[in-house]
Amino acid sequence: MKNIKYIIIFLALGLVACDDFLDRAPDVNLDEEKVFTNFVNAQAFQADIYSGLQNRFNALGSYQPVPLSSAADESESYMGYHGTKGFNMGTYDGLDANISHYYTAIRKANLFLKNVERIPFPDEGTKNQMVGEVFFLRAFFYTEIIKRFGGMPILTEEDLLVPGDDLMRSRDTYRDCFAFIMDDLKKAIDLLPVTLNTNEYGRTTKGAAMALKARLLLFSASPLFSKQTGIWGMNGDIDNWYENDGKSWWLKAAEAAKAVIDLRDNDGNLVYELYQTGATNKADDYENLFFKRREHGNKEIIFYKHEAPVGFDDDQIKVWMPSGEFGGDGAVQPTQNFVDLFEMANGKYINEAGSGYDESNPYINRDPRFYKIILYQGSKWQGATLNMATTSTQFPSGTFLTGYFVRKYVPEEVKKNSSTTAYHNWIYFRLAEMYLNYAEAMNEAEGPTQRVRDAVNTVRARSGVVNLPEALTTDKKSMRERIQNERAIELCFEEHRWWDARRWSTGDEGELATKWFGRPMERMVITSNGSKVTYSRESYYTRIFQPNNNLYQIPLAEMYKNTLLVQNPGY
Amino acid sequence: MAHGRFTLDTPDIDWIDKVMKKYSSQQQYNINVSGGTKTIRYFVSGGFLNQNGFYKNDDLTRYSRFNFRSNLDADISQNLSASLSIGARVEKLNSPNNTIWSSWDVYRAAFSYSGRAYPIYNPDGSYGGNGSVNIVRALNEAAIYKDVTSTLESSFGLTEKLDFITKGLTARAKISFDTQGEVGRSWTHETAEYVYDMATDTYTQYGENRPLTYSGVAKNYNWYKIYMEGGLSYDHSFGKHTVTGLLLGNRNELIKNNEVAYADQGLVGRVTYDYDRRYFGEVNVGYNGSENFPKESRYGFFPAFAAGWLISEEPFMKPLSKVVSKLKLRASLGWVGNDKYTDSDNNPVRFLYLQEYLSGGGATFGVGNNYYTGIQQGAIANKDVSWEVARKENIGFETDFFNGLFSLNFDYFYEYRNKILTDISAIKPEYVGADFKVANIGETQNQGFEVELKHEKKISDSFSYYVNGNFTFNRNKILKKADAEGLLPYQKEEGYAIGTPRMWKCLGYFSSYEEIQNSPTQIGTNGGLSGNVEVVPGDLKFEDFNNDGVIDEADAYRQGYGTVPEIQYGLTIGGTWKSFDFSMLVQGSTHALFMKQWEIMWAFSNNSNVFDKHNYYWAPEIADNAQFTRFYGKTWKNNERYYSTYEAGSGTYVRIKNLEVGYTLPQNLMRKISVSGARVYLSSNNLYMWSVEKYLDPDNRDVRGGKMPATRAFNLGLNISF
């Protein structure tokens, strides 16, 4: 009988001391509570939202990743595995879509905004700045998405989807996306400071938000987006559904750009100025502005990806650096088509009467910026003279060469086998673009008036380029072409032409993107015997670009997941 | 292609021949001693195994194992008995340091590298090659990796008869402690390869020559496990009724390396009843809890029921008992649960309900370029995670005719599994902006039958034999998985067997340009297989499944078998004649499919080798007798690398798994040396295999064919008992 008692006690104890045995969950270091009720953690969370900003030197492909300029006609990355191969052949499925990347960053911004009231900010100023930054970043990420696809689903801080929710969304109209972004930018402009302390460089400012606003207005005023309806456009000219002021989209865009140019700080000084050092060769300023940051005296940069200096082995440098003896990948080679866009020193295009262009000596007397953007036959580079002739020993035999390499944005002092590093920050917005945005928009709004000319000439004068020829720019159309070409040169290799050509398409100029990106690409074949160098053009590859490629294809994998999504036309 | 025709500038090396042995040896010894008195019984066993490997480097390729076991059962008092079991083993493994994690550096390299680039030895005796292509160097100059694994298994149990409460009641308790530790130490030895230039008589060195150095501990794993159970069991017959019962509580804790402990506990109950050895019934209940789930969904209730009817014991069957010596019908229905989930790399995935935030990402700010590490939200947790459940039903019969002359067993089963933890990223749109952890949404079913036919006959006192055959068929089907909505039914995984590939159907080779023109467009850019630029005669022709005139994604459909063979069959034959005994096991399976790619399919894949079939590449002269597509060199322009039925391999095979012949030495002779029995035997494992796919073992391969194949063994052995 005694034994029964023991047995019963044993069993009972066994059953009672039970459940804690299974409480094994590890102490989670950080949970939502700990992150957002602690200022240092919240600050770290907010810093990570910045990682959604991409530097676009190596935007495409994983092996020798190249910039989008090689999908446009600015350069060639002609090697089997390069990321541009799909674009060049007209297949757009999933290339540069970045949907997951940007929406992940947007979700981080949403999560922050949802929890913002919990965060114990030390003071109102810090709170405004941090919140303003997040509004800007969210606006930036959405802009990147709609410029690729048109309207896409908008998810706000109320839409933090979790398993079990209905995940299906349909695409919002372009207008609604535009309005949402503008709303974020308005809040950002109100909250952000005009200038930053030196230990905060890299964060966004009021000027950056204003610049994004100016660019978005310019994009939305452009033919590709302004005339379309629904998911794909603004639905015609003003219906007064935005800033009910009766102004056309072009005029609104021009004014937004002007606001950036005229922005002053609390002491009344202009915040941004074109980079000019008073150098004898003014084009030197054009070259150096890409390597200097605000702390080095460059007040032209409005917003950029702030990073530490990089060295030769970084893809940012290596992919752009000439190959062969120079040790780089040489994967970004300007095309002859692009080189032909450079004016002569007298301001005329090479095919205009009286230009003075000499095909047998094509590189003399060109636009001063030419010598700072392009490395051509005979250029001095890293202590050597560039020789791309067929007999040259600088490159392994059989290397494909267009006859050019990129000089712009490539720091000459960073050489192979050296540990030298240089500042190499990708620029999102700089003042020169704002001038050109203003000129383009104002030209569309009122024709080639003096203020339009002044804006373009200010940019040209900085690099020592002559003013626009007055006789050749007497009407809106001819001025428009000249401004388009000015953008092609001034903003080359900064990922503008790829997007500009598309937004100008379906307008009065026709399908510019198809015309420029879907044609035979040309290179310069250089032969030399002794001291005589001969140049002959050769068309080596015909790229494919159809009008429906003005907008990217929504990746097929996405379409399968969500039957509510509408694919862009033609795919 | 003649191998071995080998000169300095035109090497032709058969790597497999150079680094792999055709035969290797192993030896194994085992001794068991058992005995005891009425109150204490013991069993002690010890063994030793030594195995040489197949790499041509004996010092570096060896496995040996010592094992020991001791079981002790003691009756401590009239009602109380105890048992103690201790087992231990130590395993030592030597292998080349470049094969610690996989066989890629030696075995896989040996069959996939071409031996035509560099000689094994240069004129001056140095190793030929341009970095890491000389496999003889890789093996001969490899350093050693020494791995020692020690395992201990121990358990102690007590049983107390509680007949004084009620007859047949027993209380039992058991505790077991198991542990294992593995430490692998590695040395490294780098050697260079040299390229000899005949024209200039110079050598270029690739790589470094470094002396043999100890590089540290490569593997260091340990775990220990404590298991406890306690409960009551009951076993009593009264009259024609026999009742047994069991109530057991158990608790298990596993600590692995420095991971969070695995724990589970539960209650098991069972009651069985049989009446007159004719009617059987059984009820099982399991109530299990796991540490892997949140408190609310931690426990699962899993019952099972079974019933049987031994018809042959019925009075009305007695007249037939000479013919039908046994006829039994049985059926069962039960549920079980699973709480262990692993991802595609076989790593355990735990605590899915916890939402974590982790350090990661960040940004650089300030003129000092300070990096500010960020904090990121981890994958979105699954708050409702719980047990996966399987429900299994089966029904069958067992028969025996003429007292064992023939017997036939048949079993049909149906299994339905649901709440399977499934990756749902395929239905999660990208604009969600975060990863989701797995969810309990998967459902599968599996059904089939098993047939067993046995025949046994004793022809005389000295000759008897038996033949057993079995045949199993099962077909599984995915009922629910995370299939994207927009996929067409023939593209989804739902509705097909697990592992059924989605691929184009290959109709053969294009024989002419006209045929290409008249066939649906297969060329790339908008409208065809992207990246596929040119299609020429000799390329594969794919079926336009949806008849839209274009070969693209929409023409790839699920077809063929899954990865689990639907049919398995086996045959055992054996017998004794005088003092000889003989047995053979043949088994095989069919109705399975696997994909072949890379080194076992494509010519020159990864700069590698070619197979015989690549010599018969398509050319107009041999057309349909071609064994491979038209040749294309190294670029990716052709279309034979797309997932299509051309790459699907059949999993059908038949294998003689075991064959053994033994001879029992005469008893009277043996008694003279106090041996109570001795038998000598000769056996073979994996004697012969025939398979549809010539190059691979369907049971043991990956899509690149790189796993070490199963070995064929011949054993000569001796059993002696005293």
Side-chain angles (χ1 to χ4, degrees), chain A residues 3-4 7 10-11 14-15 18-19 21-26 28 30-32 35 41 44-45 47-48 50-51 80 86 89-91 93 99-100 103-104 106-108 111 152-153 155 161-164 167 169 198-203 295 306-308 544 546 556-563, chain B residues 162 165 171 230 249 251 253 260-261 263-265 289-291 295 298 351 354-358 360-377 380 382 384 424 426-434 436-437 439 484-487 524-526 530-531 533 553 635-636:
Chain A
N3 295 340
I4 304 183
I7 291 159
F10 158 72
L11 283 176
L15 291 167
C18 256
D19 214 33
F21 180 70
L22 297 180
D23 276 333
R24 299 281 171 163
V28 180
L30 289 169
D31 58 17
E32 191 168 305
V35 170
N41 288 341
F45 186 85
D48 183 51
Y50 274 86
S51 63
M89 292 192 335
T91 8
D93 188 14
I99 295 182
S100 173
Y103 273 105
T104 304
I106 288 170
R107 190 183 173 118
K108 290 179 192 174
L111 191 56
M152 285 290 270
L155 283 99
L161 299 168
V162 293
L167 303 174
R169 292 289 148 106
T198 51
N199 65 334
E200 291 176 320
Y201 278 0
R203 292 187 180 273
E295 63 262 30
H306 185 106
E307 283 175 343
I544 300 175
Q546 320 268 22
L556 280 176
E558 271 310 280
M559 298 298 298
Y560 287 144
K561 288 177 195 175
N562 182 356
T563 46
Chain B
L162 298 172
I165 300 181
R251 181 176 270 200
E253 188 176 349
V260 173
D264 52 77
Q265 62 181 16
S290 163
E291 94 290 351
K295 247 179 148 67
R298 196 168 269 173
F351 306 119
L354 289 177
Q355 181 64 62
E356 294 177 302
Y357 282 73
L358 312 149
T364 314
F365 296 125
V367 295
N369 297 320
N370 296 318
Y371 188 74
Y372 291 78
T373 311
I375 291 179
Q376 298 174 329
Q377 189 183 36
I380 310 293
N382 174 5
D384 303 320
I424 48 175
I427 52 173
K428 174 189 67 79
E430 297 297 316
Y431 52 72
V432 169
F436 284 172
K437 292 199 179 169
E485 241 184 73
L487 286 176
T525 77
N526 299 334
S530 73
V533 177
E553 277 292 306
T635 56
W636 289 66

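All chains are named by letter (A, B, ...) in the order of the sequence lines, taking the proteins before the strands, and each is independently numbered beginning at 1. Not measured: the values here are computed from a predicted model.
For B:A439, no part sits under 4.5 Å from any heavy atom of chain A, backbone or side chain. Using a 4.5 Å cut-off between heavy atoms, A:D31 touches chain B through backbone and side chain atoms alike. Contact of B:V367 with chain A is made through backbone and side chain together, with heavy-atom distances under 4.5 Å. Only the backbone of B:I427 has a heavy atom closer than 4.5 Å to any heavy atom of chain A. Heavy atoms closer than 4.5 Å to chain B are found in both the backbone and the side chain of A:P163. Heavy atoms closer than 4.5 Å to chain A are found in both the backbone and the side chain of B:Q377. The contact between B:K295 and chain A is made entirely by side chain atoms (from C-beta outward), counting heavy-atom distances below 4.5 Å. The part of A:E558 that comes within reach of chain B is its side chain, from C-beta onward, which places non-hydrogen atoms under 4.5 angstrom from that chain. With a 4.5 angstrom heavy-atom cutoff, A:L155 touches chain B only via side-chain atoms.
Among A:N562, A:L556, A:V162, the residue with the largest count of heavy-atom pairs under 4.5 Å with chain B is A:V162. The greatest number of non-hydrogen atom pairs below 4.5 Å with chain B, out of A:S100, A:G202, A:G164, is found for A:S100. Counting heavy-atom pairs under 4.5 Å between each of B:E253, B:E356, B:R298 and chain A puts B:R298 at the top. With chain A as partner, the option from B:A263, B:G360, B:A363 having the largest number of non-hydrogen pairs under 4.5 angstrom is B:A263.
In this structure, the separation between CG on A:L111 and CD on B:Q376 is 11.5 Å, given to the nearest 0.5 Å. A distance of 6.0 Å separates CG of B:L487 from OH of A:Y560, quoted to the nearest 0.5 Å.
A donor-acceptor pair under 3.5 Å is formed between the side chain of A:D48 and the backbone N or O of B:G362. Listed for the A:K561 side chain is no donor-acceptor partner under 3.5 Å among the backbone atoms of B:A484. Using a distance-only test at 3.5 Å, with no hydrogens or angles considered, a donor-acceptor pair links the side chain of A:H306 to the main chain of B:G366.
Relative to the ring axis of B:Y431, A:R169 does not place its NZ or CZ within 45° and under 6.0 Å from the centre.
Side-chain N/O atoms of A:E32 and B:Y357 include a donor and acceptor closer than 3.5 Å.
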**Stepwise side chain to side chain contact (heavy atoms under 4.5 Å, CB included) check, B:V432 with A:R107** = CA-CA 8 Å; B:V432 169; A:R107 190 183 173 118; 3.6 Å; yes
**Request:** Dump the intermediate steps for side-chain hydrogen bond (donor to acceptor under 3.5 Å, both in side chains) on A:T563 and B:E485, then the final yes or no.
**Result:** CA-CA 7 Å; A:T563 46; B:E485 241 184 73; 2.6 Å; yes
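Ring centroids of A:Y50 and B:Y372 are separated by 6.0 Å or more, keeping the two rings apart.
Side-chain contact check for B:N369 versus A:E307: every heavy-atom pair is 4.5 Å or farther apart.
Pairing each heavy atom of A:Y103 with each of B:E430, the nearest pair is CB-O, 3.6 Å.
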